[in-house]
Amino acid sequence: MTQPEQKPVIGFSCGDLNGIGIEIIIKTLIDSRLTELCTPVVFASNKSINFYKKSVSDGNFNYQAVRDFQRLSPKTVNVFSCWEDEVSITPGQLTDVGGSYAIISLTEAVKALKEKQIDALVTAPIHKKNVQSEAFPYTGHTPYLKAAFEANDVVMFMVAENIKVALVTEHIPVAEVAQHITREAIVSKLKLMNQSLKKDFGIDKPKIAVLGLNPHAGDEGLIGKEEEEIIKPAIKEAKQSDVFCFGPYSSDAFFARGQHEKFDAVLAMYHDQGLIPFKSLAIGEGVNYTAGLQGIRTSPDHGTAFDIAGKGKADESSIRAALFMAIDIFRSRNGYADARKNPLRKMSAAMLARAVDEKIEEE
Ligand SMILES: NC(=O)C1=CN([C@@H]2O[C@H](COP(=O)(O)OP(=O)(O)OC[C@H]3O[C@@H](n4cnc5c(N)ncnc54)[C@H](O)[C@@H]3O)[C@@H](O)[C@H]2O)C=CC1
Ligand SMILES: NCC(=O)COP(=O)(O)O
């Protein structure tokens, strides 16, 4: 892996072979100026890259194929060959092949992230259904990464310039949401958000809003008890752990009235409660970040988009934002560590004034 002051090595997993993943990766990395900021490594195969090169208007995408991280070129895009097989690529179709090669790419990339061969990983979208297997029983990248890194907890953090939204529950049926809203889960997500906002986004004293679960945040217990019995006590507990958090707020008007602008981030109770306002306000430039993980993983905020796959119509703005965010977080984490290397630097002037010099006995 690179030294902090050098440019980071950023891996890309290719996502579903029949989705828009490889197309948006090519559309992003075709801009050769990016190699001044990072060394990109795409986990895929030459043939799959060549297949999608055609759907990019000028098709003029240069790369070098590698099988050894020692041979990465810092001057061009590197394609790390994960398979040599002849694979049938059928854009727009939900096939086992599309899913299984997505997982080959992802597992190879995550291995590289864990072994610090790459500094951060940008994942292109997978289809949740066709990746299911005994080896991959996960409803997405987030739970897979949590298991791969043996993390106690992680939080799905949707991040854009103008809005940051994290989720308590992710990909579970709506019928099961309420039973997963627990005090422990909320406190854990709040602590992870707080830590991530400081360490990854450089916000010293983050201010977090917590949404309610029920209409009108339960209307003082009339329309559901979760706010009174679970969410308010969780906010109180998190505050005692130095998390500057407030709520629960009624979610229906929260974003429409611009309340999110008064906070550094918002914790939503379930997927659509957070992602509908997020995607509407991030206007195509939102990033899905897995906070709480030792490794850095970002992703575009959209899915496989089978309806437009292979047609050259996919917009790469979100995956480009995911790449820039991965680079920023890499820098921010290193800066955070550096700034705290010497605790003396954190001492206030008053503390320094009160400090008494250690007596050094003369020989
Ligand atoms: N990070 C990941 O791996 C993600 C995976 N998914 C998965 O993707 C699959 C399809 O999900 P959907 O709900 O249909 O959402 P989707 O994001 O794939 O598509 C929704 C609509 O947005 C359009 N769209 C999406 N990305 C676009 C882009 N970059 N440029 C232009 N148009 C774009 C699509 O054409 C479609 O009309 C599901 O299996 C879902 O679970 C969804 C979100 C993230
Ligand atoms: N709605 C976000 C999504 O589907 C991505 O999930 P994950 O793959 O990042 O866990």
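Every number for a ligand or one of its atoms is a count from 1 in the order of the listing. Scope of the values below: all heavy atoms of this structure, side chains included, with no hydrogens, waters or symmetry mates.
Which parts of ligand 1 touch S299 is read off a 4.0 Å heavy-atom cut-off, strictly below it: atoms 1 (N). Near I20, the atoms of ligand 1 lying under 4.0 angstrom from a non-hydrogen atom of the residue are 26 (N), 27 (C), 28 (C), 29 (N).
Taking only nitrogen or oxygen atoms, main chain and side chain alike, K313 does not reach within less than 3.5 Å of ligand 1.
Relative to atom 19 (O) of ligand 1, the option among G284, A124, A305 with the closest non-hydrogen atom is A305.
Below 30°, between 30° and 60°, or above 60°: for F69 and F80 the angle between ring planes is below 30°, a parallel geometry.
Under the side chain to side chain donor-acceptor pair (under 3.5 Å) criterion, S250 pairs with D252, not counting sequence neighbours.
Of all the heavy atoms of T304, the ones lying under 4.0 Å from any atom of ligand 1 are found in both the backbone and the side chain. In D307, the part holding a heavy atom less than 4.0 Å from any atom of ligand 1 is the side chain.
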Need the list: ligand 2 N/O atoms against protein N/O atoms, distance under 3.5 Å, rounded to one decimal.
residue  : atom   : partner : partner atom : Å
ligand 2 : 1 (N)  : H171    : NE2          : 3.4
ligand 2 : 1 (N)  : H271    : NE2          : 2.8
ligand 2 : 4 (O)  : K128    : NZ           : 2.7
ligand 2 : 4 (O)  : H171    : NE2          : 3.0
ligand 2 : 8 (O)  : H141    : N            : 2.8
ligand 2 : 8 (O)  : H141    : ND1          : 2.8
ligand 2 : 9 (O)  : T142    : OG1          : 3.2
ligand 2 : 9 (O)  : N288    : ND2          : 2.9
ligand 2 : 9 (O)  : R297    : NH1          : 3.0
ligand 2 : 9 (O)  : R297    : NH2          : 3.0
ligand 2 : 10 (O) : H141    : N            : 3.1
ligand 2 : 10 (O) : T142    : N            : 2.8
ligand 2 : 10 (O) : T142    : OG1          : 2.7

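Side-chain N/O atoms of N50 and Y63 include a donor and acceptor closer than 3.5 Å.
The nearest protein heavy atom to atom 3 (O) of ligand 1 is closer than 4.0 Å.
With hydrogens and angles ignored, the 3.5 Å screen pairs a side-chain donor or acceptor of T169 with a backbone N or O of M269.
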